[in-house]
Amino acid sequence: MKETITIEKIGRSVGIRFDPVILDQLDLDHKDQVKLTILEIIKGSEDLKQIKSQLIFYGQLIKSGNSLAVTIKKKRLEVLDINVGDVFNVDIEKIS
């Protein structure tokens, strides 16, 4: 499922919080594994950036307030120059 997501602060971590509509459409529940394939990056207020190769993140859904989220390790954020507020076009898949 292709979606546009924003990197957010999640507790003391940084990650992606999922809209309830996405959770329902993909039948996702707490502790499910997901694969996020980043297709395009929008850096803050800059224009859309095409990326040369797809970036793939795997994660387990955790509870975040009234929704579910996936956190991203800080080292990976630094290497990829990803910050809170960056927007991605991603393909989200549930891993069985």
Side-chain angles (χ1 to χ4, degrees):
M1 165 182 226
K2 291 187 175 28
E3 282 294 324
T4 301
I5 53 97
T6 303
I7 299 297
E8 301 179 27
K9 194 93 165 107
I10 299 173
R12 291 182 286 162
S13 300
V14 174
I16 301 160
R17 187 172 287 124
F18 292 99
D19 187 275
V21 173
I22 296 170
L23 298 173
D24 288 342
Q25 288 179 346
L26 292 174
D27 191 29
L28 293 171
D29 292 313
H30 181 240
K31 295 191 178 181
D32 282 347
Q33 296 286 328
V34 293
K35 174 183 173 184
L36 301 167
T37 305
I38 298 174
L39 307 170
E40 298 171 323
I41 301 173
I42 304 167
K43 296 288 289 176
S45 61
E46 297 176 22
D47 293 332
L48 187 69
K49 288 185 180 180
Q50 293 286 342
I51 53 177
K52 293 180 183 173
S53 61
Q54 296 177 340
L55 302 174
I56 298 174
F57 292 100
Y58 293 92
Q60 183 176 31
L61 292 176
I62 61 169
K63 290 187 179 187
S64 175
N66 293 331
S67 189
L68 298 176
V70 172
T71 59
I72 302 172
K73 301 217 180 285
K74 289 183 182 185
K75 288 181 183 177
R76 180 167 274 190
L77 293 171
E78 291 170 2
V79 168
L80 298 172
D81 190 29
I82 296 172
N83 301 302
V84 172
D86 288 348
V87 178
F88 299 132
N89 289 329
V90 299
D91 186 21
I92 305 167
E93 298 176 51
K94 179 178 180 179
I95 299 174
S96 300

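What you see is a predicted model; the values in this text were computed from it and never measured.
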Q: Quick one, D32 with Q60, criterion side chain to side chain contact (heavy atoms under 4.5 Å, CB included). Give me CA distance, side-chain angles, the key distance, then yes/no.
A: CA-CA 6 Å; D32 282 347; Q60 183 176 31; over 6 Å; no
Q: How many angstroms lie between atom NZ of K35 and atom CZ of F57, to the nearest 0.5 angstrom?
A: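 Interatomic distance, K35 NZ to F57 CZ, rounded to 0.5 Å: 13.0 Å.
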Q: About how many Å separate CG of L36 and OH of Y58, when rounded to the nearest 0.5 Å?
A: 10.0 Å
Q: From K63 NZ over to H30 NE2, what is the distance, rounded to the nearest 0.5 angstrom?
A: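 Reported value, rounded in 0.5 Å steps: 5.5 Å.
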Q: Check whether any side-chain heavy atom of I7 lies under 4.5 Å from a side-chain heavy atom of V14, and answer yes or no.
A: yes
Q: Kindly determine whether L61 and K31 satisfy side chain to side chain contact (heavy atoms under 4.5 Å, CB included), including the steps that lead there.
A: CA-CA 5 Å; L61 292 176; K31 295 191 178 181; over 6 Å; no
Q: How about I82 and F88: do any of their side-chain heavy atoms sit closer than 4.5 Å?
A: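 The answer is yes; the side chains approach within 4.5 Å.
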Q: Can you check side chain to side chain contact (heavy atoms under 4.5 Å, CB included) on I16 and I72, steps first, answer last?
A: CA-CA 8 Å; I16 301 160; I72 302 172; 4.1 Å; yes
Q: Measure the CG-CZ distance between L26 and F18 for me, rounded to the nearest 0.5 Å.
A: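 It comes to 8.5 Å.
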Q: Are the side chain of D24 and the backbone N or O of V21 linked by a donor-acceptor pair below 3.5 Å?
A: no
Q: Start with the C-alpha gap between L28 and V34, add the side-chain angles, then the distance that decides, and say whether side chain to side chain contact (heavy atoms under 4.5 Å, CB included) holds.
A: CA-CA 9 Å; L28 293 171; V34 293; 3.7 Å; yes
Q: For the atom pair CD (E40) and CG (L55), what is the distance rounded to the nearest 0.5 Å?
A: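 Between E40 CD and L55 CG, I get 12.0 Å after rounding to 0.5 Å.
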Q: Report the distance from atom CD of E78 to atom CG of N83, rounding to the nearest 0.5 Å.
A: 10.0 Å
Q: Any chance the side chains of S67 and R17 put a donor and an acceptor closer than 3.5 Å?
A: no
Q: Over all heavy atoms of both residues, which pair between I10 and V70 is shortest? Give the atoms and the distance, please.
A: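 Taking every non-hydrogen atom into account, CD1-O, 4.2 Å.
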Q: If you take all heavy atoms of E3 and I22, which pair is closest and at what distance?
A: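 Heavy atoms of E3 and I22 come nearest at CG-CD1, 3.6 Å.
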